[in-house]
Amino acid sequence: MQKLINFIKIIIRGGLIVLNDGFICLPVKKGTVIFESFNGKDISDNPAAIYRALASRPEVKATQLYFGVKPRVFAKVHQEFPEVQLLKRFSLKWIWVIARAEFWVFNSRMPLWWHKNRGTTYIQTWHGTPLKKLGIDIEDVNIPGTTTAKYKQQFAAEAGRWQYLIAPNQYSKEIFARAFAFQGQFLEVGYPRNDYLYHTSSNEVSQIKKRLIGNTTTKVIVYAPTWRDDQAIKTGQYQFELPFNLKAFFETVSSDYHLIIRPHYLVKDLIDITGFEDRVSIEADIDISELYLIADLLITDYSSVMFDFANLKKPMLFYAYDLAHYRDQLRGFYFDYQTEIPGPLVTEQSAFYESLRQFAEQGRFPEYEQKYAAFYDKFCSFENGEASEKLADLILGRNQNESVINRITR
């Protein structure tokens, strides 16, 4: 039965490719822009920020902007964003629009078997500052259904289609050039998604906290661990275990603290918070920038959330319980993680609770302030809250005024 299903899928995909290959022979439709976040998972991240900047321009027609989403989330996304013109991925209309769009604005890779119109400009925003090895730099790829050699070849081939790639900082620019084998134009603007961190008022932050927590006075700790490649048991099946005890966690901090866990969406249903439902929230789907804004402390490990959160200059605690395995066997690091991170590094639960207790008592980690300043200078150097508007300028002005590109790339 499964063989029959797979055969039918191949036939359907082949038909879609034939349609696409026919449509991309047509001229692009000027002014048409299609956005996608994480291959249609939702409306979020850098593409969403650029969309909002474009949609606010009076010269832009709403009918020219589209967001591609997966069919299974279409109804949910439409309810959340009724003002956005949505297309179901791989529907006939999606094929028609994407084949003739003047711009693609995506934050992850498109399948190589989906071809691009010669007249389409592909802007790749990507979705994080690389701490862990990625792309061609990964020595051993542990992803079900592929091999290391195939993964690297496909990554380089996809990057060859990108005309533009956003760089959040000089560090990332240098790594992207090598790890993606990228030969196009870098846009040194910072991440558009972080503009929100620079333009949200204290009153707006209070409103977010009230909506998510129920009040504006509770202190918030956000735990945002990285996705681990070996959490995939096999295709479609994953594992996750919270690396600390919730009872011990709340015995360490006062009663006015609330914990928000931000897991990868694939493991969000595997987290057990039984008995702590009033003090713990699991938020896998909302805009993580909202969590940054209300957090008094971020707890992470190797996630690139540390780089975005640093824009706010708020305390971070690094609980790297599997450091040796992750560093030496699973992915490896680009920079000296153990000496450069801007907060305490703990690998054992006892040390984790001790650092948590220090924060609860002092509200910060004063011994890391100098290191934090150096971290901010290195990884937030391109950020100033204007990335979205600069990308909107590029999309609206590239054909009429090439100096726009020069301004964006400094």
Quiz item: What is the ring orientation for Tyr337 with Phe333, classed by angle as parallel under 30°, tilted 30 to 60°, or perpendicular over 60°?
Solution: tilted
Self-check item: Cation over ring face, Lys88 and Phe74, 6.0 Å, 45°
Solution: yes
Practice problem: State whether Glu80 and Lys76 are salt-bridged, where the test is any N-O pair (Lys NZ or Arg NE/NH1/NH2 against Asp/Glu carboxylate O) under 4.0 Å. | Solution: yes
Quiz item: Would Ile213 and Ile260 count as a side-chain contact (heavy atoms from CB on, under 4.5 Å) if you check the C-alpha gap in whole Å, the side-chain angles of each, and the deciding distance to 0.1 Å?
Solution: CA-CA 9 Å; Ile213 306 298; Ile260 297 179; 3.8 Å; yes
Exercise. Quick one: sort the Tyr372 and Phe375 rings into parallel, tilted or perpendicular, breaks at 30° and 60°.
Key: perpendicular
Quiz prompt | Any side-chain heavy-atom pair of Gln358 and Pro366 under 4.5 Å | solution = yes
Practice problem: Taking all heavy atoms of Pro315 and all of Phe359, pick out the closest pair and write down the distance. | Solution: CG-CE1, 3.9 Å
Quiz prompt | Whether over 12 other heavy atoms sit under 6.0 Å from Glu204 CD | solution = yes
Quiz item: Per the side-chain contact (heavy atoms from CB on, under 4.5 Å) rule, which among Val105, Thr121, Ile395 passes with Tyr164?
Solution: Thr121
Practice problem: Could you grab the distance from atom CG of Asn46 to atom CD1 of Ile166, nearest 0.5 Å is fine? | Solution: 5.5 Å
Practice problem: Grab the two heavy atoms, one from Lys132 and one from Ser304, that are nearest each other, plus how far apart they are. | Solution: NZ-N, 4.3 Å
Quiz item: Does some side-chain heavy atom of Val222 sit less than 4.5 Å from a side-chain heavy atom of Ile288?
Solution: no
Quiz prompt | Interatomic distance, Arg262 atom CZ to Thr300 atom OG1 [nearest 0.5 angstrom] | solution = 12.0 Å
Quiz prompt | Pair Arg193-Thr125, side-chain contact (heavy atoms from CB on, under 4.5 Å): steps then yes or no | solution = CA-CA 10 Å; Arg193 67 189 184 198; Thr125 75; over 6 Å; no
Quiz item: How far apart are the closest heavy atoms of Phe318 and Pro342, and which atoms are they?
Solution: CZ-CD, 3.6 Å
Quiz item: Which is it for Ser281 and His258 under the side chain to side chain donor-acceptor pair (under 3.5 Å) test, yes or no, and what are the steps along the way?
Solution: CA-CA 8 Å; Ser281 305; His258 188 94; 2.7 Å; yes
Self-check item: Glu348 CD: over 12 foreign heavy atoms closer than 6.0 Å
Solution: no
Quiz item: When rounded to the nearest 0.5 angstrom, what distance separates OG1 in Thr200 from CG in Leu293?
Solution: 5.0 Å
Quiz item: Hey, is CD on Gln79 packed in by over 12 heavy atoms from elsewhere, all under 6.0 Å?
Solution: no
Quiz item: Tyr223 versus Pro243: any side-chain heavy-atom pair under 4.5 Å?
Solution: yes
Practice problem: Assess whether side-chain contact (heavy atoms from CB on, under 4.5 Å) is satisfied between Leu246 and Leu259, documenting all intermediate values. | Solution: CA-CA 9 Å; Leu246 288 176; Leu259 173 65; 3.7 Å; yes
Quiz item: Above 12 or not: heavy atoms from other molecules or residues under 6.0 Å from NZ of Lys29?
Solution: no
Quiz item: Which atoms form the tightest heavy-atom contact between Val73 and Lys41, and what is the distance?
Solution: CG2-O, 3.6 Å
Quiz prompt | With Trp114, the ring pair (Phe, Tyr, Trp, His ring centres under 6.0 Å) member among Trp94, Phe106, Trp104 | solution = Trp94
Practice problem: Identify whether the distance between the nearest side-chain nitrogen and carboxylate oxygen of Lys133 and Glu139 falls below 4.0 Å. | Solution: no
Quiz prompt | Flag if over 12 foreign heavy atoms under 6.0 Å of CG, Leu92 | solution = no
Exercise. Output, in order, the C-alpha distance, side-chain angles, deciding distance and verdict of salt bridge (charged side-chain N to carboxylate O under 4.0 Å, His left out) for Glu389 and Arg57.
Key: CA-CA 10 Å; Glu389 295 301 330; Arg57 299 292 182 93; 2.8 Å; yes
Quiz prompt | Pairwise side-chain contact, Phe38 with Asn107, heavy-atom cut-off 4.5 Å (strictly under) | solution = yes
Quiz item: Do you know which two heavy atoms are closest between Tyr334 and Asp137, and how far apart they sit?
Solution: OH-OD2, 2.7 Å
Quiz prompt | Minimum-distance pair of heavy atoms, taken over all atoms of Ile341 and Leu345 | solution = CD1-CB, 3.6 Å
Quiz item: side-chain contact (heavy atoms from CB on, under 4.5 Å) between Leu212 and Leu291: does it pass, once the steps are laid out?
Solution: CA-CA 9 Å; Leu212 296 179; Leu291 303 186; 4.0 Å; yes
Exercise. Please confirm whether Arg279 makes a cation-pi placement over Phe276, using NZ or CZ under 6.0 Å from the six-membered ring centre and within 45° of the ring normal.
Key: no
Exercise. Verify, without hydrogens or angle tests, whether Glu102 (side chain) and Gly31 (backbone) share a donor-acceptor contact under 3.5 angstrom.
Key: yes
Quiz prompt | Backbone of Pro27 reached by a side-chain donor or acceptor of Asn117 within 3.5 Å | solution = no
Quiz item: Can we say Arg52 and Glu83 salt-bridge, meaning some charged N sits less than 4.0 Å from an Asp/Glu carboxylate O?
Solution: no
Quiz item: Would one find more than 12 heavy atoms of other residues, nucleotides or ligands at under 6.0 Å from atom CD of Glu59?
Solution: yes
Quiz item: CZ of Phe176 to OG1 of Thr129: how many Å apart, nearest 0.5 Å?
Solution: 6.5 Å
Exercise. First locate atom CD of Glu158, then atom CD of Gln154, and finally report the distance between them rounded to the nearest 0.5 Å.
Key: 10.0 Å
Exercise. Give me the ring orientation class for Trp162 and Trp126: parallel if the planes are under 30° apart, tilted from 30 to 60°, perpendicular past 60°.
Key: tilted
Quiz item: Measuring from Tyr122:OH to Phe103:CZ, what's the distance to the nearest 0.5 Å?
Solution: 14.5 Å
Practice problem: Determine, for Phe23 and Arg100, whether the Lys NZ or Arg CZ falls below 6.0 Å from the six-membered ring centre while staying within 45 degrees of the axis. | Solution: no
Quiz item: Between Phe307 and Phe379, does the ring centroid distance fall short of 6.0 Å?
Solution: yes
Exercise. Could you label the plane-to-plane angle of the Tyr319 and Phe244 rings as parallel, tilted or perpendicular, counting under 30° as parallel and over 60° as perpendicular?
Key: tilted
